[in-house]
Amino acid sequence: MDFQLTEDQRALRRAARELLAKRFGPERLRDAVAGAAPDRALWRELGAAGFFALRLPEEAGGVGLGLPEAVLVLEETGRALLPGPLVACHLLAGVVAGVASGERIVGLCEGGREPALWEHPAVCDELILVGRGTERGAECRDGAGGGAQGRIAGVYRSAAERVSCAPFASVDPLTPLARVTGLPRTEALALDVPRLRREAALLTAAQQLGSAARTVELAVAHARRREQFGAPVGSFQAVKHLCAQMLVRAEMARCAVYAASVTEGDLDVTGAKLLADEAAVRNARDCVQVHGGMGFTWEADVHLHLKRAWLRAECWGVAGEAEELLAADLIA
């Protein structure tokens with residue numbers, strides 16, 4: 001089996017990177033830190049470009065591509081640190097009207113976790129609450145004190161203004177959060193919960209992969225440019241080793257994420273998310289170290305990659321859970 005990207009897939013990745021570089025470059029990234037709400041005009045442009053309708057059939061107005069292509073596009077959004085509920089809008093483009101075109105923004109919340117966190121609550125038109133499907137409880141409670149765990153056995157939607165939530169501090173300045181405390185009674189959505197969770201984990205891993213690869217580029221560029229004792233710091237063995245280890249982590253994660261997009265196996269996705277999370281977090285840390293004191297300042301974008309990596313590592317499967325699942329499979 002050939003896992004090399006096809007020419008069409010390379011062209012898709014190149015087009016996504018060029019669009020994001022043009023519409024969300026470094027200056028726009030800094031502006032977004034000050035006002036973290038997604039740009040509605042950019043969101044509609046992404047919709048027109050097929051970002052959200054990528055996997056919808058052509059007869060339904062989509063592009064008609066598959067999960068491997070979606071991984072490539074989400075990888076580029078992670079590389080650019082594009083803010084917004086991108087995974088949610090991609091997964092729900094065929095479920096909620098207006099999402100595929102970018103006219104509406106929808107949030108996706110893990111109802112089986114505590115706290116149940118909602119990304120970008122101020123800009124979402126609707127919230128979709130997803131349960132694990134195997135935990136106790138099947139009834140959602142009304143009111144602000146009801147909690148989000150009462151209804152965790154399926155997928156439920158609600159208008160954003162009807163959701164009770166409380167402020168929640170976010171480590172990532174580009175991703176505002178709120179804790180869901182109550183969801184009004186609504187009709188369940190007929191969606192495959194395990195598949196939805198699996199694809200959310202894989203697409204989040206793709207974003208982590210994009211960030212991990214980007215921090216390798218940032219570290220190498222700085223190591224070539226920055227001089228100490230009359231020589232580029234990249235000529236020092238310790239810095240060379242850091243950059244080499246970063247590249248190895250990113251490429252290992254890439255292999256796992258790309259393979260999982262083809263096999264779509266539960267354990268393959270679990271392993272891919274684990275490797276991508278590790279690559280994103282550790283590469284961002286090492287990138288900060290390569291930058292030295294400058295890496296901790298607002299003058300560099302490195303800290304934004306680290307904060308986003310921390311946040312994504314807690315979404316759709318954390319390291320401890322992944323390690324337990326993979327270990328159980330090995331000894332079964």
Side-chain angles (χ1 to χ4, degrees), residues 71 74-75 78 85 87-88 91 107-119 129-137 147-150 152-153 155 168-172 175 177-180 193-213 215 245-246 248-261 263-288 303 305-332:
V71 161
L74 268 294
E75 179 185 345
V87 170
L91 292 175
L108 195 62
C109 176
E110 295 183 81
R113 299 183 65 85
E114 183 60 37
L117 298 180
W118 178 10
E119 296 182 8
L129 188 70
V130 183
R132 292 182 180 274
T134 59
E135 300 178 32
R136 63 177 179 83
Q149 289 194 356
I152 56 178
V155 183
F168 194 90
S170 175
V171 68
D172 178 13
T175 310
L177 296 174
R179 180 172 63 88
V180 176
V193 175
R195 178 180 178 181
L196 184 64
R197 296 184 62 85
R198 183 174 64 247
E199 292 184 351
L202 180 59
L203 295 178
T204 302
Q207 291 182 308
Q208 293 281 63
L209 169 60
S211 179
T215 50
Q245 290 164 359
M246 291 172 67
V248 169
R249 282 194 291 265
E251 291 306 308
M252 286 180 62
R254 187 186 307 280
C255 292
V257 171
Y258 285 9
S261 73
T263 66
E264 299 187 45
D266 288 337
L267 289 176
D268 292 337
V269 171
T270 298
K273 177 67 164 51
L274 180 64
L275 287 172
D277 286 342
E278 180 185 23
V281 172
R282 293 187 63 184
N283 278 15
R285 285 175 173 170
D286 286 351
C287 188
V288 169
H303 68 101
H305 281 276
L306 180 56
K307 292 168 183 175
R308 180 69 60 85
W310 278 334
L311 183 71
R312 292 283 175 258
E314 297 299 318
C315 299
W316 306 108
V318 298
E321 295 172 352
E323 290 165 353
E324 290 293 333
L325 287 171
L326 293 170
D329 182 69
L330 287 173
I331 63 177

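- Checking side-chain atoms of Glu110 against main-chain N and O of Trp316 turns up a donor-acceptor pair under 3.5 Å.
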Run the numbers on Val318 and Arg113 for side-chain contact (heavy atoms from CB on, under 4.5 Å), then give the verdict. CA-CA 11 Å; Val318 298; Arg113 299 183 65 85; 3.5 Å; yes
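- Pairing each heavy atom of Ala116 with each of Cys109, the nearest pair is CB-SG, 3.7 Å.
- Legend: residues meeting side-chain hydrogen bond (donor to acceptor under 3.5 Å, both in side chains) with Asp172, ordered by chain and number and at least two apart, are Thr175, Arg308.
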Applying side-chain contact (heavy atoms from CB on, under 4.5 Å) to Leu202 and Ser261, what does each step give before you reach the verdict?
CA-CA 7 Å; Leu202 180 59; Ser261 73; 4.0 Å; yes
task = Dump the intermediate steps for side-chain contact (heavy atoms from CB on, under 4.5 Å) on Leu306 and Arg285, then the final yes or no.
result = CA-CA 7 Å; Leu306 180 56; Arg285 285 175 173 170; 3.8 Å; yes
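- Between Trp118 and Gly107 the shortest heavy-atom distance is NE1-CA, 4.2 Å.
- Under a 3.5 Å cut-off, the side chain of Ser211 and the backbone N or O of Gln208 do not form any donor-acceptor pair.
- In terms of heavy-atom proximity, Ala205 sits nearest to Val257 at CB-CG2, 4.1 Å.
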Using salt bridge (charged side-chain N to carboxylate O under 4.0 Å, His left out), reason through Glu264 and Arg195 one step at a time and then give a plain yes or no. CA-CA 9 Å; Glu264 299 187 45; Arg195 178 180 178 181; 5.0 Å; no
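- Arg249 is listed as a side-chain neighbour of Asp286, based on a closest heavy-atom distance under 4.5 Å.
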Please table the atom pairs, donor to acceptor, closer than 3.5 Å between any side-chain atom in residues 266-276 and protein atoms at least two apart or in another chain.
residue: Asp266; atom: OD1; partner: Arg198; partner atom: NH1; Å: 3.1
residue: Asp268; atom: OD2; partner: Thr263; partner atom: OG1; Å: 2.7
residue: Thr270; atom: OG1; partner: Asp266; partner atom: O; Å: 2.9
residue: Lys273; atom: NZ; partner: Asp277; partner atom: OD1; Å: 3.3
residue: Lys273; atom: NZ; partner: Asp277; partner atom: OD2; Å: 2.7
residue: Lys273; atom: NZ; partner: Arg312; partner atom: O; Å: 3.2
residue: Lys273; atom: NZ; partner: Cys315; partner atom: O; Å: 2.9
residue: Lys273; atom: NZ; partner: Gly317; partner atom: O; Å: 3.1

Determine, stepwise, if the pair Val281 / Trp310 fulfils side-chain contact (heavy atoms from CB on, under 4.5 Å). CA-CA 6 Å; Val281 172; Trp310 278 334; 3.9 Å; yes
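- The two residues Ala206 and Val71 come nearest to each other via the heavy atoms CB-O, 3.6 Å.
- Residues forming a salt bridge (Lys or Arg N to Asp or Glu O under 4.0 Å) with Arg282 (at least two apart in sequence, or on another chain): Glu278.
- Within the model, atoms CZ of Arg254 and CG of Leu209 stand 5.0 Å from one another, a figure rounded to the nearest 0.5 Å.
- Residues Leu129 and Val155 have side chains not in contact (no heavy-atom distance under 4.5 Å, counting atoms from C-beta outward).
- With rounding to the nearest 0.5 angstrom, the CG atom of Leu311 is 8.5 Å from the CG atom of Leu117.
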